[in-house]
Amino acid sequence: MKDEIDEFFETYLDSKPIFKNKQYLQANYIPNSILHRENEIKQMAKILAPALKGDKPSNLFIYGKTGTGKTLSAMYFAKKLTETANKNKEMRNLDFNVKVIYLNCKLKRIADTEYRLVAQLAREFGKDIPATGLPTDEVYKIFNQAIDCEKQIIILILDEIDQLIKKTGDEIIYSLTRMNSDLKKAQISIIGISNDLMFTDHMDPRVKSSLSEEELMFPPYNAVQIQQILRNRADLAFVENVIENGVIEKCSALAAREHGDARRALELLRVAGELSERENSDKLTIKYVDEAENKIERDRVFDIVGTQPKQFQAVLFSILVSSKNKKGYILTGEIYSCYKEICNNAGLRPLTQRRVSDILAELDMLGIINAKITSKGRYGRTREISLAIPSNTTKKVMKTLKEKLE
DNA sequence: GTCAATTCACATGAAAGAGACCACGGTCTAGTG
DNA sequence: CTAGACCGTGGTCTCTTTCATGTGAATTGACGA
């Protein structure tokens with residue numbers, strides 16, 4: 001036993017490293033120049049440049065599919081803007097600050113409700129806000145005072161703003177834009193980033209127009225562009241010549257298949273690298289890319305399954321059970337009756353059908369199941385549900401769920 | 001045969017509740033000088 | 001006298017329930033050709 005471990009460590013230490021610096025493949029790494037987004041960044045600069053002169057820039061709304069570089073460009077731009085502003089301030093002795101704040105609205109417990117968003121903003125300005133307990137308008141007041149003590153332009157980047165608005169309504173944007181009229185010295189501009197263009201349809205037209213005074217579209221990358229991006233990063237991250245021919249092509253092809261998602265391509269490459277490192281291989285071969293694809297999917301599913309509440313898991317379990325007993329589509333009603341039985345066996349209080357219906361919709365959003373609403377005429381209207389995860393993953397999920405629900 | 005009404009089996013919305021968490025301010029208690 | 005313990009009130013947040021309303025096409029049934 002001991003020998004085995006020793007041996008493993010030795011070979012591990014002896015093996016030549018594949019990675020030079022893995023950090024360059026991480027999603028939060030901001031490169032010094034962003035390929036194929038020069039135009040978009042230039043546009044952003046044009047729209048937001050007034051901040052440098054102390055004027056409030058227009059609000060900006062950025063949209064585009066996932067992995068098209070929206071967040072990255074915004075971060076990059078934020079960095080540049082603050083740098084320039086600081087330099088400018090010293091050189092010309094200006095009397096105002098430019099501050100860029102980035103918040104991801106999807107982050108649980110940080111910025112996914114109105115209260116938390118404003119609280120987080122106030123914290124950015126050094127105020128101590130409790131996680132709960134205060135009235136929301138109190139927090140607004142604190143934030144207001146915190147920023148209005150000196151002349152400054154605040155640019156607020158709200159990433160995945162669609163999630164926030166879908167969940168809590170659009171008054172947040174309204175309140176934030178309206179704050180400007182209450183502020184004497186400071187001004188706030190909002191950059192909203194979303195990958196769902198349609199969500200603005202449900203918004204109050206006034207809010208909509210004030211949020212998208214300017215709009216910017218990020219088109220998907222094509223396969224060639226993704227390849228270039230990957231090459232660029234791979235050169236930084238990997239030791240030379242460890243990547244076999246075709247690996248980059250394969251990663252980008254897989255990612256391009258899904259609307260040119262560069263983030264996915266990078267993740268594939270990174271995970272493939274990690275897998276080959278783990279096996280002490282000194283080459284990154286195509287084989288590992290395939291494995292990486294499976295692993296990413298599996299990890300994602302397990303992550304969701306693990307973090308969701310019990311009732312979620314029970315519903316998912318009943319989907320798994322009923323999909324095993326029946327091929328083709330399953331209907332909501334079938335799942336619900338199966339679910340009730342499972343709850344009885346597990347000593348769980350079953351939820352109403354209303355709630356289960358919502359849970360099914362959420363599972364669909366998460367991409368664990370495919371649900372399509374169809375009308376069967378006289379025989380009602382329901383979801384046609386099928387699993388969206390490969391069968392070898394379902395088996396494992398089923399096993400863990402079974403244990404959990406006992 | 002045609003066309004509008006009906007009907008089913010849920011979907012979808014809105015509102016409100018339960019229970020957990022927490023801040024704030026007031027009151028009570030115990031320890032201190 | 002003062003610090004800390006202990007309420008009560010009022011706030012947010014998540015998960016749920018309750019009640020109400022919406023929905024799309026297969027089916028039905030009246031109607032006219």
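The structure presented is a predicted model; accordingly, all values stated were derived computationally and were not measured. Naming convention: chains lettered A, B, ... in sequence-line order (proteins, then strands); numbering from 1 in each chain. FYI, side chains are in, hydrogens and waters are out, and symmetry mates aren't considered; it's all heavy atoms of this structure.
- Closest to the side chain of A/S375, from the set C/dG24, B/dG13, B/dC10, is C/dG24.
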N/O-N/O pairs, protein side and nucleotides 14-16 of chain C side, under 3.5 Å:
residue	atom	partner	partner atom	Å
C/dT14	OP1	A/R116	NH2	2.4
C/dT16	OP2	A/R355	NE	3.4

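- By the 6.0 Å contact criterion, CD on A/E341 is open, its count of non-hydrogen atoms from other residues, nucleotides or ligands being 12 or less.
- Both tests do not hold together for A/K376 against A/Y379: distance to the six-membered ring centre under 6.0 Å, angle to the ring axis within 45°.
- Applying a 4.0 Å cut-off to non-hydrogen atoms, the residues of residues 377-388 of chain A that approach DNA chain B are A/G377, A/R378, A/Y379, A/G380, A/R381, A/T382, A/R383, listed by residue number.
- A salt bridge does not link A/K53 to A/D55: none of the charged nitrogens lies less than 4.0 Å from a carboxylate oxygen.
- For A/L360 and B/dT12, the CG to P distance is 11 Å, given to the nearest whole Å.
- With A/F125 as the aromatic partner, A/K99 meets the cation-pi criteria of under 6.0 angstrom to the ring centre and within 45 degrees of the ring axis.
- In this structure, A/I373 places its CD1 atom 12 Å from P of C/dT23, rounding to the nearest Å.
- A straight line from CD of A/Q353 to P of C/dT18 spans 13 Å, rounded to a whole angstrom.
- A/N88 pairs by the side-chain contact (heavy atoms from CB on, under 4.5 Å) definition with A/R92, A/L94, not counting sequence neighbours.
- Between A/F218 and A/Y63, the distance from one ring center to the other does not fall under 6.0 angstrom.
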Protein-to-nucleotide contact annotation, 5' to 3' order, nucleotides 4-9 of chain C [B base; S sugar-phosphate only; - none; under 4.0 Å, heavy atom]: ------
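- Look at NZ on A/K376: it is 12 Å from C1' on C/dG24, rounded to the nearest Å.
- Between A/D358 and A/R354 there is a salt bridge, since a side-chain N of the basic residue sits under 4.0 Å from a carboxylate O of the acidic one.
- Cation-pi geometry between A/R270 and A/F19 is not satisfied (NZ or CZ under 6.0 Å from the ring centre, within 45° of the ring normal).
- Sorted by residue number, the members of residues 126-143 of chain A with any non-hydrogen atom under 4.0 Å from DNA chain B read A/P130, A/T132, A/G133, A/L134.
- The distance from atom CD1 of A/I335 to atom P of B/dC10 is 10 Å, rounded to the nearest whole Å.
- Checking side-chain atoms of A/Q311 against main-chain N and O of A/R349 turns up a donor-acceptor pair under 3.5 Å.
- With sequence neighbours left out, the side-chain hydrogen bond (donor to acceptor under 3.5 Å, both in side chains) criterion links A/D364 to no other residue.
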